Number of protein chains: 2
Amino acid sequence: MTERADWAELRQRRMAEPGADEAYAAARLAFELGHAVRELREGLGWSQTQLARAAGMTQSAVARFEAGGTVPTLVVLERLARALDMRLDVRFSPLADAA
Amino acid sequence: MTERADWAELRQRRMAEPGADEAYAAARLAFELGHAVRELREGLGWSQTQLARAAGMTQSAVARFEAGGTVPTLVVLERLARALDMRLDVRFSPLADAA
DNA sequence: CCAACTCATAGCATCGACGCTATGGGCTGG
DNA sequence: CCAGCCCATAGCGTCGATGCTATGAGTTGG
């Protein structure tokens with residue numbers, strides 16, 4: 001990644017800063033989710049525009065999300081999940097112990 | 001629950017409205033997460049105030065969250081998870097197939 | 001009966017996520 | 001070479017989630 005984005009860079013820095021533990025985790029989560037959605041979308045052979053329509057949002061929103069531009073809201077995640085015909089799973093799980 | 005809250009009621013109505021599918025799902029998720037946190041907290045024998053301190057927020061925020069007053073942000077969920085020494089798990093999973 | 005603690009809300013300010021529209025660059029088929 | 005589609009951002013306005021502070025009700029111990 002060269003340096004196309006802006007927030008992409010900012011977020012990177014943020015994630016590098018010490019003490020930003022939780023913020024870091026959230027950003028990472030956002031990034032991974034974005035990635036996941038992208039793969040699912042491509043898997044279906046859809047364009048961002050198509051997914052956007054299906055999820056009731058705009059192409060720009062999808063792009064921003066996939067790129068990890070913001071920490072998504074549960075509402076949005078839910079919408080995307082539906083559009084992709086998936087189930088959104090959010091839960092607290094033990095750190096190391098059994099499940 | 002009589003009718004102590006305000007948003008509690010509003011949210012109820014919202015959830016009842018047709019076509020509010022995703023909003024409904026999000027609200028439900030919020031409610032369940034709130035419940036989960038409450039149980040975890042009580043399990044540790046902590047007061048909302050204690051958890052709030054541990055998670056870097058105020059008692060009111062914890063109360064609002066546990067009551068399902070708002071759809072929490074991933075950032076907040078992450079903070080709570082840490083405070084409770086748990087791991088926040090967010091993922092897209094198939095609707096019916098295996099987990 | 002009072003003090004102290006716990007939890008539920010209210011009210012207010014701020015910040016960030018989302019929605020929309022408009023571009024710009026990259027690719028591809030005519 | 002132009003038209004058309006795809007994706008990445010930029011800007012801007014709005015709304016909702018959080019944070020804080022201040023109460024009020026319910027409990028409990030002294």
Side-chain angles (χ1 to χ4, degrees), chain A residues 1-12 14 20 22-23 26-27 29-31 33-35 37-42 44-80 83 90, chain B residues 1-12 14-15 20 22-23 26-27 29-31 33-35 37-80 83 90:
Chain A
M1 55 82 175
T2 48
E3 40 62 62
R4 280 137 109 203
D6 214 34
W7 32 265
E9 244 184 301
L10 294 177
R11 197 162 288 279
Q12 289 290 10
R14 238 186 258 174
E22 348 108 339
L29 228 177
F31 199 74
L33 284 171
H35 215 63
V37 167
R38 167 159 298 183
E39 303 206 320
L40 287 172
R41 176 175 65 78
E42 299 187 325
L44 295 177
W46 290 4
S47 70
Q48 292 185 336
T49 305
Q50 291 177 295
L51 172 57
R53 290 176 65 85
M57 39 181 169
T58 58
Q59 177 265 320
S60 68
V62 174
R64 181 165 43 189
F65 170 65
E66 286 189 355
T70 60
V71 176
T73 296
L74 289 186
V75 179
V76 173
L77 288 175
E78 186 64 47
R79 288 217 292 252
L80 285 170
V90 184
Chain B
M1 53 82 172
T2 49
E3 39 62 64
R4 278 136 109 205
D6 214 35
W7 32 265
E9 246 185 301
L10 294 177
R11 196 163 287 278
Q12 288 292 10
R14 240 187 256 175
M15 286 164 53
E22 346 109 340
L29 229 177
F31 199 75
L33 285 171
H35 216 63
V37 167
R38 166 158 301 183
E39 303 208 319
L40 288 172
R41 176 174 65 76
E42 299 187 325
L44 295 178
W46 290 4
S47 71
Q48 291 185 336
T49 305
Q50 291 177 297
L51 172 57
R53 290 175 65 87
M57 38 183 168
T58 58
Q59 178 264 322
S60 69
V62 174
R64 183 164 43 188
F65 170 66
E66 287 190 355
T70 60
V71 177
T73 298
L74 288 186
V75 179
V76 173
L77 287 175
E78 185 63 49
R79 287 217 293 252
L80 286 171
V90 183

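None of the values given here were measured: they were computed from a predicted structure. Sequence lines set the chain letters: A, B, ... in the order given, protein chains first and strands last, and positions in each chain run from 1. Computed from heavy atoms alone, side chains included, the values below leave out hydrogens, waters and symmetry copies.
Looking at heavy-atom distances under 4.0 Å, B:Glu66 makes no contact with the nucleic acid at all. Within the nucleic acid shown, B:Val62 has no heavy atom closer than 4.0 Å to any nucleic acid atom.
Rounded to whole Å, the distance from CE on A:Met57 to P on C:dT21 is 16 Å. Taking atom CZ on A:Phe65 and atom C1' on D:dT9, their separation rounds to 17 Å, with Å as the unit. Taking atom CD of residue A:Glu78 and atom C1' of nucleotide C:dC18, one finds them 17 Å apart after rounding to whole Å. Straight-line distance from the CG atom of B:Leu74 to the P atom of C:dG16: 15 Å, rounded to whole Å. Atom P of nucleotide C:dA17 and atom CZ of A:Arg79 are separated by 15 Å, given to the nearest angstrom. Rounded to whole Å, atom P of C:dA17 lies 14 Å from atom CG of A:Leu33. Across the protein-nucleic acid pair, B:Leu77 atom CG and D:dT18 atom C1' stand 13 Å apart, rounded to whole Å. Per the geometry, CG belonging to B:Leu51 stands 14 Å off P belonging to D:dT18, to the nearest Å.
Screening B:Arg53, B:Arg64, B:Glu66 for a side chain to side chain contact (heavy atoms under 4.5 Å, CB included) with B:Gln48, the sole residue that qualifies is B:Glu66.
Each of C:dA17, D:dG19, D:dT18 was ranked by its minimum atom distance to the side chain of B:Thr73; first place goes to D:dT18. For A:Ser60, counting side-chain heavy atoms from C-beta on, the closest listed nucleotide (D:dC7, C:dC20, C:dT9) is C:dC20. Nearest to the side chain of B:Arg64, among C:dC7, C:dG11, C:dC20, sits C:dG11.
Side-chain contact between A:Leu80 and A:Leu33 is absent, with no heavy-atom pair separated by less than 4.5 Å. Between A:Trp46 and A:Leu40, every side-chain heavy-atom pair lies at or beyond the 4.5 Å cut-off. Proximity of A:Val37 to A:Leu51: side-chain heavy atoms (C-beta onward) are separated by under 4.5 Å at one or more points.
A close approach under 4.0 Å does occur between a side-chain nitrogen or oxygen of A:Thr70 and OP1 or OP2 of C:dC18. Residue A:Arg41 places at least one side-chain N or O closer than 4.0 Å to OP1 or OP2 of D:dC7. Between A:Arg38 and the phosphate of D:dA8, there is a side-chain N or O to OP1/OP2 separation shorter than 4.0 Å. Taking side-chain N and O atoms only, A:Thr58 has no distance below 4.0 Å to OP1 or OP2 of C:dG19.
B:Glu42 contributes no side-chain N or O that, together with a main-chain N or O of B:Glu39, makes up a donor-acceptor pair within less than 3.5 Å.
At a cut-off of 3.5 angstrom, counting only N and O atoms as typed in the model, there is no donor on one side facing an acceptor on the other between the side-chain of B:Gln48 and the base of C:dA8.
Of the residues near DNA chain C, B:Ala61 and A:Pro72, the one whose nearest nucleotide (by heavy atom distance) lies more toward the 5' end is B:Ala61.
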